[in-house]
Visitor: 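Quick one: the structure is below, and I'll ask about it shortly.
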2 protein chains.
Amino acid sequence: MKFSVSEENYIKNIYHLQQQSDLVNTNSLANELQTKAASVTDMLKKLQMKKLLDYEKYKGFRLSTKGNKVAINIVRRHRLWEYFLVTKLGFEWDKVHAIAEDLEHVSNQDLIQKLDSFLNYPQTDPHGDPIPDGDGKIPVIHQLSIADVTEKKKVIVSSVANQSPAMLELLNHYHINIGTELKINQRFSFDESIEIKVGKYAACIISKPVAKNIFVHHE
Amino acid sequence: MKFSVSEENYIKNIYHLQQQSDLVNTNSLANELQTKAASVTDMLKKLQMKKLLDYEKYKGFRLSTKGNKVAINIVRRHRLWEYFLVTKLGFEWDKVHAIAEDLEHVSNQDLIQKLDSFLNYPQTDPHGDPIPDGDGKIPVIHQLSIADVTEKKKVIVSSVANQSPAMLELLNHYHINIGTELKINQRFSFDESIEIKVGKYAACIISKPVAKNIFVHHE
DNA sequence: ATTAAATTTTAGTCAAATCTAAAAAATATA
DNA sequence: TATATTTTTTAGATTTGACTAAAATTTAAT
Ligand SMILES: [Mn+2]
Ligand SMILES: [Mn+2]
Ligand SMILES: [Mn+2]
Ligand SMILES: [Mn+2]
């Protein structure tokens, strides 16, 4: 089944909001999509008609099994293109999201299958997020926030939860990337900030909110 | 300046029709776009407003200098993606057009520049058509229809004028591809058909209309 | 030069996706 | 519990791109 760009954007963003809370509400989706609540309500009715959504007026909504499958496919396309843009075209990891936002809607099955094969079936995108396979299975990446890592441990950055431009700008400033090696030096109880050593750079201190968003591999 | 997918499709198809005759008429564009003449007239007015078109009611229309630049950029994107799909993803040359039809509308300048570089600045797409460079310059490919080639000559197929699925199906049947070596054996005056030898396959006869559409390199 | 035929444009609808303003329902507060 | 606030939905309007049917114009044929 084929969906419009607009429908796909709604479906994908509902999917992302469901990662935080099972039931999604109108305003948070409107905010996510930079649109108005009234527009969201209109689209919700349409998606419910198409059996993509479980929706009860004034209560909230969540993707149906069918809607979830569609969402995972869009996420798959988005992340494969992001991986392509970084590893093949040489984009910086903080520049690829907007472009993938368009490419994800080119939904030829054969194209995505061949792209996946060309890229050698990557497990995660440039931000460390897992790439669903052709059957919709999502690889489990074992990871831990550095807010919770034992002191003096050396770890490898595997993903970043908040991927806003502001966060990516800060991470670039700290020279932190996916794959970067970090050492957790010490924790300061006053503000729960953490001193870390990034690769060969001088040690620096990151705040609690930043630390919570940086995840590292965990065997 | 950003244009809608619909606007871009109109612009590109006007460009292609202009390769055959300088002035384009409403019905032929409607036919090309599989739409109705009334819809075309509506869009013509809009494109004229945006200074992309020189248009006189009931007379016909052609792209303005500005419109031509936009068209060449769309053609560039289309052909680069086609080249990518065949050389990197392993698609057959007769399967890429429909996909490139979507990809051509993802119009991030940086993306296309990096894609071009990744592909090593190809001169022609998988159908032998020239790929405009970043400044809109179109490489001149010296070629000749095999309807006009001297007998007994060995030549290399460089492009195919008619790229309809029906034509591509026939060419596959004859084992003719871009880059294929052909020998022109003899011409038959009755119907102007031509006997050719394709690579190592047994000699076969192609009709005049087919021959006129197959072009070969010409130094 | 008339008339007939083909082409093109206009007029009026329609569907998708958006918006603002107002009404309805749910939630929070006194 | 009654009232105020917030959230969500409805009602009605707008824009884009498409359509059909009818009118206008051009081109072809008597
Ligand atoms: Mn998108
Ligand atoms: Mn990502
Ligand atoms: Mn197109
Ligand atoms: Mn082509």
Side-chain angles (χ1 to χ4, degrees), chain A residues 1-14 17-18 20-63 67 70-71 74 101-102 104-107, chain B residues 1-14 17-18 20-63 67 70-71 74 101-102 104-107:
Chain A
M1 191 153 272
K2 250 281 199 173
F3 303 101
S4 73
V5 169
S6 194
E7 287 171 327
E8 288 194 344
N9 281 334
Y10 275 90
I11 293 165
K12 192 185 71 170
N13 281 282
I14 295 168
L17 286 171
Q18 275 189 241
Q20 297 177 255
S21 69
D22 179 51
L23 203 65
V24 183
N25 46 290
T26 304
N27 266 348
S28 54
L29 182 53
N31 178 59
E32 203 73 15
L33 288 164
Q34 302 274 61
T35 186
K36 296 294 145 74
S39 311
V40 170
T41 304
D42 284 346
M43 184 60 91
L44 293 178
K45 282 190 235 161
K46 187 153 57 127
L47 295 178
Q48 190 185 33
M49 286 285 206
K50 297 193 177 186
K51 309 274 183 202
L52 296 164
L53 213 60
D54 296 331
Y55 167 47
E56 253 190 291
K57 256 168 73 163
Y58 290 107
K59 294 267 177 77
F61 48 91
R62 59 168 69 79
L63 291 170
V70 174
I74 303 166
E101 208 58 46
D102 286 339
E104 71 187 2
H105 302 293
V106 179
S107 58
Chain B
M1 192 154 270
K2 250 282 200 174
F3 303 100
S4 73
V5 169
S6 194
E7 287 170 326
E8 289 194 343
N9 282 333
Y10 274 91
I11 295 165
K12 193 185 69 169
N13 280 282
I14 294 168
L17 286 172
Q18 275 190 240
Q20 299 177 254
S21 69
D22 179 51
L23 202 66
V24 183
N25 45 290
T26 305
N27 265 348
S28 55
L29 183 53
N31 177 60
E32 203 73 14
L33 287 163
Q34 301 274 60
T35 186
K36 296 294 145 76
S39 311
V40 169
T41 303
D42 285 345
M43 184 60 90
L44 293 179
K45 282 191 235 161
K46 187 152 56 123
L47 295 178
Q48 189 184 34
M49 286 287 208
K50 297 192 176 184
K51 309 273 183 202
L52 296 164
L53 213 59
D54 296 330
Y55 167 45
E56 253 192 288
K57 256 169 73 164
Y58 289 106
K59 293 267 177 77
F61 48 90
R62 59 169 67 78
L63 292 170
V70 174
I74 302 166
E101 207 58 45
D102 286 339
E104 71 187 3
H105 303 292
V106 179
S107 58

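Residue numbers start from 1 in every chain, and the chains themselves are labelled A, B, ... in the order their sequence lines are given, proteins ahead of strands.
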Visitor: Let me know the distance between CG of B:N25 and C1' of D:dT27, rounded to the nearest Å.
Guide: 13 Å

Visitor: To the nearest Å, give me how far apart CG (A:N31) and P (D:dT8) are.
Guide: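 Rounded to the whole Å, the gap is 12 Å.
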
Visitor: Give a yes/no answer on whether the side chain of A:S4 brings an N or O atom under 4.0 Å of OP1 or OP2 in C:dA16.
Guide: no

Visitor: Take atom CE of B:M43 and atom C1' of C:dT8, then tell me their distance rounded to the nearest Å.
Guide: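 So the two atoms are 17 Å apart, to the nearest Å.
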
Visitor: Which heavy-atom pair separates A:S28 from A:N25 by the least distance, and what is that distance?
Guide: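 So the minimum-distance heavy-atom pair works out to OG-O, 2.9 Å.
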
Visitor: Within the 4.0 Å heavy-atom criterion, would you say B:K59 contacts the bases, only the backbone, or no part of the nucleic acid?
Guide: nothing

Visitor: B:K45 NZ to D:dT16 C1': how many Å, rounded?
Guide: 14 Å

Visitor: I need the NZ-C1' distance between A:K2 and C:dA16, as an integer number of Å.
Guide: 16 Å

Visitor: How close or far is atom C1' of C:dA16 from atom CD of A:E8, stated in whole angstroms?
Guide: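 That distance rounds to 15 Å.
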
Visitor: Contact class for A:Y10 (heavy atom, under 4.0 Å): base, sugar-phosphate, or nothing?
Guide: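 It contacts sugar-phosphate atoms only.
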
Visitor: So which protein N/O to nucleotides 12-14 of chain C N/O distances come out below 3.5 Å?
Guide:
none

Visitor: For C:dT9, take OP1 and OP2 only and decide whether either is under 4.0 Å from a side-chain N or O of B:Y55.
Guide: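 Checking B:Y55 against C:dT9: at least one side-chain N or O falls below 4.0 Å of OP1 or OP2.
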
Visitor: At 4.0 Å (heavy atoms only), tell me whether A:T41 reaches a base, stays on the sugar-phosphate, or touches nothing.
Guide: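 Base contact.
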
Visitor: Counting heavy atoms from C-beta on, name the nucleotide in C:dT7, D:dT8, C:dT9 closest to the side chain of B:N27.
Guide: C:dT7

Visitor: Examine C:dA25: is either OP1 or OP2 under 4.0 Å from a nitrogen or oxygen in the side chain of A:K57? Give yes or no.
Guide: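 For A:K57, the contact criterion (side-chain N or O under 4.0 Å from OP1 or OP2 of C:dA25) is not met.
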
Visitor: B:S6 side chain N/O closer than 4.0 Å to the phosphate oxygens (OP1, OP2) of D:dT16?
Guide: no

Visitor: For B:S39, report the nucleic acid contact type (base, sugar-phosphate, nothing); a contact means any heavy atom under 4.0 Å.
Guide: base

Visitor: Within this structure, what is the CD-to-P distance between A:Q34 and C:dT18, rounded to whole angstrom?
Guide: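 To the nearest whole Å, that distance equals 13 Å.
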
Visitor: So does A:T35 get a side-chain nitrogen or oxygen closer than 4.0 Å to the phosphate oxygens (OP1/OP2) of C:dC19?
Guide: yes

Visitor: Under a 3.5 Å threshold, yes or no: a donor from one side chain and an acceptor from the other, between B:N9 and B:H105?
Guide: yes

Visitor: Taking atom P of D:dT6 as reference, at what distance in whole Å does atom OH of A:Y58 sit?
Guide: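 In whole Å, D:dT6 P lies 17 Å from A:Y58 OH.
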
Visitor: Looking at B:L23, B:L17, B:L53, which hits side chain to side chain contact (heavy atoms under 4.5 Å, CB included) with B:F61?
Guide: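 The side chain to side chain contact (heavy atoms under 4.5 Å, CB included) with B:F61 is passed solely by B:L53 among B:L23, B:L17, B:L53.
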
Visitor: Of the options A:E32, A:E101, A:E7, which is the one that meets A:K12 in a salt bridge (Lys or Arg N to Asp or Glu O under 4.0 Å)?
Guide: A:E101

Visitor: Between the side chain of A:Q18 and the main-chain N/O of A:L63, is any donor-acceptor distance below 3.5 Å?
Guide: yes

Visitor: Contact between A:L44 and A:Y10 at the side-chain level, heavy atoms closer than 4.5 Å - yes or no?
Guide: no

Visitor: Closest heavy-atom contact between A:A30 and A:A37?
Guide: CB-N, 3.8 Å

Visitor: Under a 4.5 Å cut-off applied to non-hydrogen side-chain atoms, are B:Y55 and B:L47 in contact?
Guide: no

